[in-house]
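Please read these numbers as outputs of a predicted model, since none were measured by experiment. Side-chain atoms are counted along with the backbone in the values below, which use heavy atoms only and exclude waters and symmetry mates.
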Amino acid sequence: MEGFCFSVSESTINTLLQTGYQSEPVREALKGTTNIEVMGISVEITWRVSQAPSVSFADIDTSREAFDDDGKPLEFDPNMFVVSAAVGLAVTGQEECEVDIEIIAETMFVNNKDVAFKAAGMFVDKYQSADKAIFKGICQDLISAINTVLGFYGGNIPRLFSMQSLEEQGIYAPYYSLVKQNGTMNLCGTYEQSDGFAIGAIPSGKDFALTVTNKVFKGFLNFQFRAHVDGVPIREEFSKDLGITTGKAVLKILAKDVYCEDIKDGEIFMRLGIDLIADGSVRILFSDPGVSYKCEFTPELLETGATLSMSGNHIHGNLCDFKSFTVLLTPVGEWYEQVIGGLVWVLAEAIVNFVTGLIPSVITIPFDIDLKEAEFTNLELYTMKVNITNLMNTYADNMMTVSGNILARLETSYEKSRINS
């Protein structure tokens, strides 16, 4: 099935959650006091999330007992996952005790383009009846606090990832789906309606992977190369000693009609159209009569290859490895018929030799992509900067996989004030 799959590992989400937990305002927001009734007695419970959370994308045992944020039995979804942490609990005026908790998070589409996740409930089956009653009572406040920290407030829905970022680079498929599988969370794009995609493994040591089939990869290459054909011809001046005189030419070479023809075992085959304008002159006695040439390439669209390399957060592509081609220059006009010795044809041959060597070195249409730093901001709680690094690409089974790592950091108050000023 043609399409792509963007996969994130548990380590990706853990990096984001644990970086956010370093913010003191976040830790303060994950505290609260809730009045609940236990065994007919009203008590005041203070609580705080006392440990940085971590996630698990393992399959959820739906036979376990769980409450939603209203304290009612939770309805499970296949793409839910578990966020583990610890909560310090205390009846007001008494010593705090720490209890492990398992929050259940749901993954969702927003406008069928963006991906978000939020806390939806928590497991309570491991607690004794008294503790279960406490968690049922504080469940709404606890989950509300977690979702506020994640960015759900005032109607705002925080986007963890947006399809727009892929579409802006030419990676697109008509149908999208979310699939939790093999310990990863996967955003799949397919050309046919489907519940998923042939999801591969994230390479060892990497936080995420983007796997694309050849059809999607072709679309990416076409988008990038065409976007970097600027429509400005390359101008070259040329002169050649023709023995009894000198020939000169002004060449204008313009790339057009570039597209990916095929991809086999990671080798990229491209086609490239060229417009060539050649205007020359030959010194005869005391004049330099000009001549223009009609230019034809064989094949009409040149065969070439392309390379794609990655490092850090940088992607570089360019055309390379031009296959053999010929250029036929036919002089146009009437004056050349009077030139003795066919000097115009000699000049044309010299231009052909020059152009044949020149095109592979100047028509490479390079493109460079620097993946931008992402920013997640939540009111006054935190501003988190996220960068991609250690990019690499591999090929297998007629698919390319791009993988990498993420780095996350909190923006300091000094950086905020400097940027705002």
Side-chain angles (χ1 to χ4, degrees), residues 5-21 26 29-30 32 49 51-87 100-126 135-136 138-163 175-189 194-197 199 207-208 376 378 381 384:
C5 179
F6 179 71
S7 305
V8 296
S9 66
E10 295 168 352
S11 64
T12 301
I13 308 301
N14 285 337
T15 296
L16 299 178
L17 293 178
Q18 292 167 13
T19 301
Y21 188 77
V26 165
L30 293 174
V49 177
Q51 181 188 83
S54 62
V55 307
S56 170
F57 289 149
D59 291 340
I60 289 178
D61 181 357
T62 57
S63 67
R64 295 180 60 187
E65 184 182 9
F67 292 148
D68 64 15
D69 56 355
D70 288 328
K72 298 177 181 178
L74 177 69
E75 294 184 10
F76 291 98
D77 179 271
N79 290 327
M80 287 178 169
F81 60 95
V82 176
V83 182
S84 299
V87 171
D100 292 331
I101 62 169
E102 293 174 289
I103 296 295
I104 303 163
E106 60 178 328
T107 312
M108 67 189 75
F109 267 136
V110 182
N111 300 324
N112 201 35
K113 289 284 186 180
D114 304 322
V115 179
F117 73 87
K118 66 184 296 187
M122 64 182 299
F123 283 119
V124 295
D125 55 310
K126 293 183 178 180
F135 278 112
K136 185 174 182 178
I138 70 171
C139 193
Q140 186 175 55
D141 290 347
L142 175 60
I143 290 176
S144 177
I146 292 172
N147 286 331
T148 298
V149 167
L150 290 176
F152 289 89
Y153 53 84
N156 180 62
I157 300 177
R159 274 70 164 175
L160 177 66
F161 180 79
S162 174
M163 272 306 306
Y175 303 103
Y176 299 136
S177 59
L178 277 170
V179 182
K180 188 186 72 172
Q181 184 175 314
N182 301 331
T184 60
M185 192 66 72
N186 306 276
L187 172 61
C188 301
S194 168
D195 291 333
F197 183 75
I199 297 169
D207 294 323
F208 68 87
F376 299 92
N378 183 353
L381 296 181
M384 188 188 305

> OG1 of Thr148 to CD1 of Ile143: how many Å apart, nearest 0.5 Å?
Replying inline: 11.5 Å
> Considering all heavy atoms of both residues, which atom of Cys139 and which atom of Asp68 are nearest to each other, and what is their separation?
Replying inline: SG-O, 3.2 Å
> Between Pro53 and Tyr21, is any pair of side-chain heavy atoms under 4.5 Å apart?
Replying inline: yes
> Given the rule in the side chain to side chain contact (heavy atoms under 4.5 Å, CB included) test, do Met163 and Leu187 qualify, once you have shown the distances and angles that lead to the verdict?
Replying inline: CA-CA 9 Å; Met163 272 306 306; Leu187 172 61; 3.4 Å; yes
>> Looking at every heavy atom in both Phe81 and Thr107, which two are closest together, and how far apart are they?
In response: CE2-OG1, 3.5 Å
>> Do Leu16 and Leu160 have side chains that approach each other closer than 4.5 Å (heavy atoms only, starting at C-beta)?
In response: yes
>> Please check this pair: side chain of Asp77 against backbone of Glu106, looking for a donor-acceptor N/O pair closer than 3.5 Å.
In response: no
> Going by atom types only, do Ser11 and Asp207 share a side-chain donor-acceptor pair under 3.5 Å?
Replying inline: yes
>> Could you go through Leu142 and Ile101, starting from their C-alpha distance and side-chain angles, then the distance that decides it, and tell me whether this counts as side chain to side chain contact (heavy atoms under 4.5 Å, CB included)?
In response: CA-CA 11 Å; Leu142 175 60; Ile101 62 169; 4.2 Å; yes
>> For a side chain to side chain contact (heavy atoms under 4.5 Å, CB included) check, start with the C-alpha distance between Leu17 and Leu150, then their side-chain angles and the critical distance, and finish with the verdict.
In response: CA-CA 9 Å; Leu17 293 178; Leu150 290 176; 4.2 Å; yes
>> Could you tell me if Thr184 and Asn186 have a donor-acceptor pair between their side chains, going purely by distance under 3.5 Å?
In response: yes
> Do Asp61 and Phe76 have side-chain heavy atoms sitting under 4.5 Å apart?
Replying inline: no
>> Using a 3.5 Å distance criterion without hydrogens, assess whether the side chain of Asp100 forms a donor-acceptor pair with backbone atoms of Ser84.
In response: no
> Looking at Phe57, does the NZ or CZ of Lys180 lie under 6.0 angstrom from its six-membered ring centre and within 45 degrees of the ring axis?
Replying inline: no
> Is the number of heavy atoms from other residues, nucleotides or ligands under 6.0 Å of Glu75 CD greater than 12?
Replying inline: no
> Is a donor on one side and an acceptor on the other found under 3.5 Å between the side chain of Asn156 and the backbone of Gly151?
Replying inline: yes
> Which heavy atom of Ala145 sits nearest a heavy atom of Ala29, and at what distance?
Replying inline: CB-O, 3.6 Å
>> I need the Lys118 NZ to Ile104 CD1 distance, nearest 0.5 Å.
In response: 14.5 Å
>> Main chain of Ala66, side chain of Asp125: is a donor-acceptor contact present, judged purely on distance under 3.5 Å?
In response: no
>> For Asp114, give me all partners under salt bridge (charged side-chain N to carboxylate O under 4.0 Å, His left out), at least two apart in sequence or on another chain.
In response: Arg159
>> Looking at every non-hydrogen atom in both residues, tell me the closest pair between Leu74 and Gly121 and how far apart they are.
In response: CD2-CA, 4.4 Å
> Regarding Asp70 and Gln140, is there a side-chain donor-to-acceptor distance under 3.5 Å anywhere?
Replying inline: yes
>> Show the nearest heavy-atom pair for residues Ile60 and Phe123, with the distance to one decimal.
In response: CG2-CZ, 3.6 Å
>> Within this structure, what is the CG-CZ distance for the pair Leu178 and Phe117, rounded to the nearest 0.5 Å?
In response: 12.5 Å
> What closest approach, in Å, do Glu10 and Gly183 show between heavy atoms, and which atom pair accounts for it?
Replying inline: CG-O, 4.1 Å
> What distance separates Ile146 CD1 from Met122 CE, expressed to the nearest 0.5 Å?
Replying inline: 8.0 Å
> Between Tyr176 and Phe109, is a side chain to side chain contact (heavy atoms under 4.5 Å, CB included) present by the stated rule, with each step listed?
Replying inline: CA-CA 9 Å; Tyr176 299 136; Phe109 267 136; 3.7 Å; yes
>> Which label fits Phe161 and Phe6: parallel for a plane angle under 30°, tilted from 30 to 60°, or perpendicular past 60°?
In response: parallel
> In Å, rounded to the nearest 0.5 Å, how long is the span from CD of Gln51 to CD of Gln18?
Replying inline: 9.0 Å
